[in-house]
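Before I ask anything, let me first share the structure, which is written out below as structure tokens.
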2 protein chains.
Amino acid sequence: MTENAYARSGVNVDAGDRAVELMKADVQATQGPEVLSAKKTGGFAGLYDFKYLAEGMRHPLLATSTDGVGTKVDLARRLGIFDTIGYDLVGMVVDDLTTSGIKPLFMTDYIACGHVEPERIAAIVRGVAKACAEVGCALVGGETAEHPGLLGEDEFDMAGAATGVVDAPRLLGPARVCAGDMIVGFASSGLHSNGYSLVRKIVSDQGLDWDMPLPDFIKPPAGSPFADRVGSTKANDSASGSTSATGSTSANPAASAYTLGLACLEPTRLYSRLCLDLENQGGEAAWYAGDFSEELDGNRVHAFAHVTGGGLAANLARVIPAGLHAVVDRSAWPVPALFKFLMDRGNIDQTSAEDTWNLGIGMVAIVHPDFVRVAEEAAANAGIGATVIGRVGDSAPASAEAAPETRTISGTKGVEGGTVTLRGTYRF
Amino acid sequence: MTENAYARSGVNVDAGDRAVELMKADVQATQGPEVLSAKKTGGFAGLYDFKYLAEGMRHPLLATSTDGVGTKVDLARRLGIFDTIGYDLVGMVVDDLTTSGIKPLFMTDYIACGHVEPERIAAIVRGVAKACAEVGCALVGGETAEHPGLLGEDEFDMAGAATGVVDAPRLLGPARVCAGDMIVGFASSGLHSNGYSLVRKIVSDQGLDWDMPLPDFIKPPAGSPFADRVGSTKANDSASGSTSATGSTSANPAASAYTLGLACLEPTRLYSRLCLDLENQGGEAAWYAGDFSEELDGNRVHAFAHVTGGGLAANLARVIPAGLHAVVDRSAWPVPALFKFLMDRGNIDQTSAEDTWNLGIGMVAIVHPDFVRVAEEAAANAGIGATVIGRVGDSAPASAEAAPETRTISGTKGVEGGTVTLRGTYRF
């Protein structure tokens with residue numbers, strides 16, 4: 001066979017095949033008996049046996065969600081760490097399903113790159129597969145596209161789509177939310193996957209270095225995959241002017257430091273298991289006496305909101321029904337130090353920060369007041385901080401207009417919903 | 001409210017909202033009563049009512065597929081034509097499902113761009129929505145991601161994922177294919193969405209211009225959206241040295257010419273309706289007396305192969321079972337002149353061309369010999385050329401080794417399947 005012109009044009013089919021070989025075991029580990037062999041279809045499509053999912057369901061609804069990880073891909077590329085960005089992708093895609101109580105079934109991923117480096121692609125997909133395994137979602141297909149000339153040799157982008165199922169009477173969402181509900185915030189693991197264009201702008205405008213060690217008080221979050229890279233003592237933070245003495249015996253202090261890059265690359269926390277477990281515990285108790293005018297059961301978990309682009313208020317507003325009013329107290333949780341560091345270094349005002357970043361709350365649960373303790377305990381058992389951050393009422397708080405820091409947000413992301421008021425002062 | 005720093009960093013939320021507004025009507029036109037209102041979930045996920053799809057099914061299987069359109073996005077950008085690339089995306093994603101007889105249910109799209117220009121994003125999504133409507137697939141969600149600094153102001157990439165359903169006894173694929181089956185090729189509308197890195201390399205290496213008028217004998221395919229841009233007479237093709245006289249009265253010949261760029265941007269033909277209609281006509285006739293050892297019915301349509309990356313042989317081999325041997329006669333169909341033009345201009349050898357481009361066959365049906373006429377007639381009724389291009393046998397053709405142009409391909413794309421032999425000479 002003559003040399004193939006297509007390989008020369010930059011699209012290397014062999015490298016693609018090698019990447020597929022490298023990722024095979026990780027991908028297969030996500031697939032149970034419900035996933036049918038590719039042999040049945042010639043591999044054109046991933047097949048999922050519906051009989052495994054509809055058992056016991058009265059009225060199954062399929063649900064789908066798609067997303068990418070924004071410009072966080074560029075940070076992964078710069079740091080040369082490729083096996084965590086897949087967590088971010090699964091978090092972005094699957095936890096949008098989680099908000100409605102939807103169990104993820106299967107997922108596909110798409111990676112575009114300038115050049116297929118098999119080990120790198122396999123590392124990216126390994127992260128997707130590991131996160132899929134954690135949330136019980138089968139990774140049934142994917143596409144790696146080589147775009148020579150359009151993307152740089154080591155540049156890449158990624159997107160994913162997941163499909164899940166929920167029994168209609170158990171669908172969560174704004175229709176369940178009512179006055180008196182409590183708003184429980186679950187801690188984020190860092191920036192998650194939003195606001196990276198702003199972070200990159202700060203780093204660029206202020207001449208910061210991704211490799212700069214962070215001040216001692218900025219520590220890896222619980223469950224950080226980078227924790228074991230970071231020594232027990234910290235290197236000097238010369239960039240901030242502080243010179244905390246270190247007892248490090250490492251010949252290369254920077255190698256054991258928690259750097260700005262690592263802190264910003266912390267993978268997105270996955271809330272799917274915690275939230276679906278809560279929904280399950282919320283049960284079908286008959287405490288609710290109202291008329292939903294829909295066939296909803298009486299679960300004490302009413303809705304979740306995934307805090308992504310637009311921040312806490314904009315995403316919370318999506319699940320507050322029209323006519324109701326959620327009030328969030330900014331002082332209810334400690335904002336992780338990384339956010340304050342970025343705000344200070346970049347001269348970012350509070351409004352921009354809270355409209356861009358999650359500021360420490362990655363997922364919100366709206367529950368019946370009786371259920372708050374269960375939610376907090378379940379989160380603690382999962383190693384995730386949780387606390388009440390607000391309450392749903394049927395009118396705006398009386399003092400809303402008066403307090404200078406109070407902001408009210410409504411009608412975001414194309415959803416005509418209720419209103420969210422942020423009030424009080426952050427605890428940095 | 002103070003100016004939002006995130007908008008300044010290049011991520012313009014308002015432009016995104018405006019794009020959503022512009023595309024709303026097109027997207028909603030794809031959605032029937034089976035798609036539930038976003039109000040139920042706060043818009044985090046698209047919901048699809050399973051009761052609309054499982055009716056009458058004995059054992060529903062869900063299927064999913066994801067893909068992009070390769071570097072064809074760059075051609076759309078250069079020509080400033082954004083409303084057809086969505087057809088390509090739907091073709092790439094949905095027609096991978098088609099191969100197994102899978103009916104598409106719903107789809108999501110992902111667009112990454114350097115800058116959200118609302119009209120441009122809306123035009124891209126309009127193309128996706130129109131193609132979705134044509135194949136009866138609901139467009140239930142999407143994501144537009146702005147990647148300032150990573151992609152140029154007018155650069156973009158796109159990907160999509162679709163989910164469909166098939167009743168297990170009706171699943172098509174290699175398990176149905178047997179010796180004696182006939183291979184029917186359906187005409188492509190051009191390059192479809194593969195091999196663009198090679199096309200771009202030819203254009204770049206040979207100093208060609210996307211705006212160059214093509215020779216008269218290269219005409220728009222049936223159904224071309226660009227046909228009405230092209231005058232009834234053609235401009236001179238000065239680049240090729242031919243000077244066919246034109247009677248054009250246009251003051252601007254180039255504006256009415258069929259250019260290289262337009263020919264290469266022709267949208268991917270959608271085969272889903274034709275193929276699913278054929279599968280339906282193939283019925284459950286009891287002609288088949290074999291033992292599938294699986295619960296397959298006796299449909300006379302056995303498999304389809306979507307001719308995408310890797311060309312005809314590599315994709316056909318995916319649906320030929322191990323032990324069987326498909327022989328394709330290259331002379332069975334006329335290769336569209338555009339391919340010969342690209343091969344000649346780029347000095348592309350036949351092997352590279354047939355391993356990269358579809359060379360005129362975009363979809364292949366493998367059917368019982370009794371069914372060939374039905375398939376050809378159905379295609380003709382759909383305005384798609386169709387002809388027998390080969391046959392499935394239980395051994396390699398005796399003359400395979402002798403003929404110098406004969407090539408045999410097996411075991412492609414990670415699927416251990418049968419073998420495909422290409423023999424004979426193309427009709428250019």
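In what follows, chains are A, B, ... by sequence order, proteins preceding strands, each numbered from 1.
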Query - Segment of A:Ala305 engaging chain B (4.5 angstrom heavy-atom cut-off) - result: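 It is both, since atoms from each part get that close.
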Query raised in the report: Under a 4.5 Å heavy-atom cut-off, does chain B meet the side chain of A:Val73, its backbone, both or neither?
Result: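 The answer is the side chain of A:Val73.
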Report task. Counting only heavy atoms closer than 4.5 Å, note whether B:Ile202 contacts chain A via side chain, backbone, both or neither. Result ->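 Neither; nothing under 4.5 Å.
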**Report entry** Among A:Asp96, A:Thr98, A:Val140, residue most engaged with chain B (heavy-atom pairs, under 4.5 Å)
**Finding:**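 It is A:Asp96.
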Query raised in the report: Where is the tightest heavy-atom contact between A:Glu146 and B:Thr71, given as atom of each residue plus distance?
Result: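 For A:Glu146 and B:Thr71, the tightest heavy-atom pair comes out as O-CG2, 4.4 Å.
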Requested in this report: For chain B, find which of A:Ala112, A:Ser204, A:Gly70 contributes the most heavy-atom pairs closer than 4.5 angstrom.
Outcome: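 Winner by heavy-atom pair count: A:Gly70.
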Query raised in the report: Using a cut-off of under 4.5 Å for heavy-atom pairs, which of B:Ile320, B:Leu105, B:Thr99 has the most such pairs with chain A?
Result: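 Counting heavy-atom pairs under 4.5 Å, the top option is B:Thr99.
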Query raised in the report: Quick one: what part of A:Asp157 sits under 4.5 Å from any heavy atom of chain B, side chain, backbone, both or neither?
Result: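 For A:Asp157, side-chain heavy atoms alone lie under 4.5 Å from chain B.
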Query raised in the report: Can you say whether A:Asp109 sits under 4.5 Å from chain B via the side chain, the backbone, both, or neither, judging by heavy atoms?
Result: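 Contact with chain B involves the backbone of A:Asp109 alone.
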Report task. Measure B:Thr64 against the heavy atoms of chain A and call it side chain, backbone, both or neither at under 4.5 Å. Result ->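 Contact with chain A is through both the backbone and side chain of B:Thr64.
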Query raised in the report: Distance from B:Phe50 atom CZ to A:Leu61 atom CG, nearest 0.5 Å?
Result: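 Between atom CZ of B:Phe50 and atom CG of A:Leu61 there are 11.0 Å.
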Query raised in the report: Under a 4.5 Å cut-off applied to non-hydrogen side-chain atoms, are B:Arg200 and A:Pro148 in contact?
Result: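 Touching, per the 4.5 Å side-chain cut-off.
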Query raised in the report: What pair of heavy atoms forms the shortest contact from A:Phe44 to B:Arg318, and how long is it?
Result: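 Closest pair (atom of A:Phe44, atom of B:Arg318, distance): CE2-NH1, 3.4 Å.
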Query raised in the report: Which one, B:Ala159, B:Ala161, B:Ser65, leads in non-hydrogen pairs under 4.5 Å with chain A?
Result: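 Most heavy-atom pairs within the cutoff with chain A belong to B:Ala159.
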Query raised in the report: Where do A:Ala45 and B:Leu97 come nearest, in terms of heavy atoms and distance?
Result: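 Shortest heavy-atom contact: CB-CD2, 3.7 Å.
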Query raised in the report: In terms of heavy-atom proximity below 4.5 Å to chain B, should A:Thr66 be classed as side chain, backbone, both, or neither?
Result: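 Both parts, backbone and side chain.
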Query - Within 6.0 angstrom of A:Arg77 CZ, more than 12 heavy atoms from elsewhere - result: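 Yes, the 6.0 Å shell around CZ holds more than 12 heavy atoms from other groups.
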Query - Point-to-point distance, once rounded to the nearest 0.5 Å, from CE of B:Met158 to OH of A:Tyr110 - result: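 Answer rounded to 0.5 Å: 9.5 Å.
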Requested in this report: Pick one of side chain, backbone, both or neither for A:Ile102, based on which atoms fall under 4.5 Å of a heavy atom in chain B.
Outcome: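 When you check distances to chain B, only side chain atoms of A:Ile102 fall under 4.5 Å.
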Query raised in the report: Which bit of A:Met92 comes within less than 4.5 Å of chain B, counting heavy atoms only: side chain, backbone, both or neither?
Result: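 Neither part; nothing is under 4.5 Å.
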Report task. Please round to the nearest 0.5 Å and tell me the distance separating atom CD of A:Glu155 and atom CG of B:Leu151. Result ->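 Here the rounded value is 8.0 Å.
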**Report entry** B:Thr163 portion near chain A, given a 4.5 angstrom heavy-atom threshold
**Finding:**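 Looking at B:Thr163, just its side chain touches chain A.
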Query raised in the report: What pairs with A:Glu143 under side chain to side chain donor-acceptor pair (under 3.5 Å), at least two apart in sequence or on another chain?
Result: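 Residues passing side chain to side chain donor-acceptor pair (under 3.5 Å) with A:Glu143: none at all.
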